[in-house]
Amino acid sequence: MKIISSINEMASFVKDAKSKAKSIGLVPTMGYLHQGHLSLIKEARAVTDMVVVSIFVNPTQFEPGEDYASYPRDMKRDALEAEKAGADVIFAPRAEQMYPESYSTYVKVEGLSEVLCGRNRPGHFRGVTTVCAKLFSIVKPDIAFFGQKDAQQSVIIQKMVKDLNMDIKLKVLPTVREGDGLAMSSRNKYLSSKQRKDALVLHKALDQAKSVIEAGENDVSKIKERMRNIINKVDSKIDYISIVDPDSLKDVSIISGRVLIALAIWIGRARLIDNIIVTRNQ
Ligand code: PAF
């Protein structure tokens, strides 16, 4: 496996792969790889010829005062894990190369970027779409792989790809969970052992929502109330609990058909997100 940090070197690797008619799979990550990332790399290995894993803690998607500086990083371990999972290349550019001083171009998907996680993180998705547009343009993947845990991110990137006529397929794979249900996240590292137990309320609240919907409840305010009650049992702060249309991300008040139930909860210094898609049969 190669580790490439220069954009030019990455571009010539891509040119060479394309000249040999090899398909390219890209798994964009910010590193500190966990089983969720590894499931994306394994899928990329299974369906594309060349697997590129980007590892870049992207400064433009962090709000001022967020954890950009302290975001967990471990390139040595990441390289071992990515190689075992089937990566051919790690692309790990330096921030100064991705965003030189003269940098001034940003991509923003309007409408979808301001809701859910975007409400309290107004610049976050603009940073995500900008870096993904850059990565897509450098790596020129046939398929890019994302996790369902970041459901809103996938919807937004899909819209960017469509609106900008990018010739890239996205594949969104299921959230990978610990044995007790906690969604895998690099930020789980911030949790103390007590907070790690408390963090199970995210999964429990989603599970509860699914059960009550399946039992016939369709009133979103009542479902959210049940979810809040579970979350408020532990030392936590609710950023949002939302029940929305999975494509438009617009709030629904009465459930009929498919909905995305998404939440973001602070447990200590960790802001954790999770979601499920539930279908209510009429
Ligand atoms: O999901 C992530 O880790 C990041 O938002 C991404 C897609 C790698 C862009 O920096």
Side-chain angles (χ1 to χ4, degrees), residues 5 7 10 24-41 43-44 51-63 66-75 77-78 81-82 85 87 89-95 97-99 103 105-109 112-113 116-118 120-139 141 143-161 164 166 168-176 183-190 262 264 270-275:
S5 62
I7 293 176
M10 190 66 237
I24 297 179
L26 171 65
V27 181
T29 82
M30 297 207 299
Y32 212 69
L33 303 181
H34 52 67
Q35 290 300 325
H37 298 117
L38 301 181
S39 74
L40 304 181
I41 300 172
E43 178 64 11
V51 177
V52 179
V53 177
S54 63
I55 296 187
F56 179 61
V57 183
N58 172 37
T60 62
Q61 70 188 74
F62 289 80
E63 300 292 338
E66 284 190 346
D67 55 344
Y68 172 65
S70 61
Y71 193 85
R73 291 159 169 91
D74 189 344
M75 183 55 91
R77 192 185 61 116
D78 284 351
E81 294 296 327
V89 177
I90 286 182
F91 176 46
R94 277 175 294 106
Q97 250 214 315
M98 290 291 270
Y99 301 111
Y103 192 83
T105 302
Y106 293 88
V107 179
K108 182 173 177 209
V109 175
L112 297 172
S113 299
L116 305 176
C117 288
N120 285 328
R121 305 183 78 196
H124 171 66
F125 288 111
R126 173 184 182 260
V128 170
T129 38
T130 298
V131 81
C132 285
K134 285 177 70 71
L135 291 169
F136 291 173
S137 159
I138 297 163
V139 177
I143 312 179
F145 298 81
F146 293 91
Q148 173 64 22
K149 185 173 80 72
D150 297 292
Q152 181 177 14
Q153 169 170 283
S154 300
V155 171
I156 290 174
I157 294 170
Q158 186 71 69
K159 184 71 166 49
M160 172 184 80
V161 163
L164 297 183
M166 293 174 165
I168 296 169
K169 237 178 86 186
L170 297 195
K171 209 159 176 189
V172 180
L173 297 186
T175 303
V176 177
M184 300 234 177
S185 163
S186 306
R187 287 188 170 104
N188 290 349
K189 179 185 158 57
Y190 298 154
R271 181 181 175 281
L272 304 177
I273 59 171
D274 201 350
N275 69 82

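Ligands are counted one by one from 1 in listed order, and the atoms in each one are counted from 1 as well.
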Do we see a donor-acceptor contact under 3.5 Å between the side chains of D67 and Y190? yes
Select the closest option to atom 10 (O) of ligand 1 among K149, K134, H124, Q61, judged by heavy-atom distance. Q61
For ligand 1, which is the ligand I care about here, please tell me if Q153 has any N or O atom under 3.5 Å from one of the ligand's N or O atoms. yes
If you count the atoms of ligand 1 from 1 in the order shown, which ones are under 4.0 Å from a heavy atom of V131? 9 (C), 10 (O)
Ring-plane angle category for Y99 and F56, please: parallel below 30°, perpendicular beyond 60°, tilted otherwise. tilted
Does Q152 use its side chain to pair, donor to acceptor, with the backbone of C117 at less than 3.5 Å? yes
Within-cut-off N or O pair, N58 and ligand 1, under 3.5 Å: no
Tell me whether R271 forms a cation-pi arrangement with Y71, defined as NZ or CZ under 6.0 Å from the six-membered ring centre and within 45 degrees of its axis. no
Distance-minimising heavy-atom pair for T175 and Q148: OG1-C, 3.6 Å
Under 4.0 Å from a heavy atom of T29: give me the atoms of ligand 1 that qualify, with their elements. 8 (C)
Of all the atoms in ligand 1, which lie at a distance below 4.0 Å from a heavy atom belonging to P28? 8 (C)
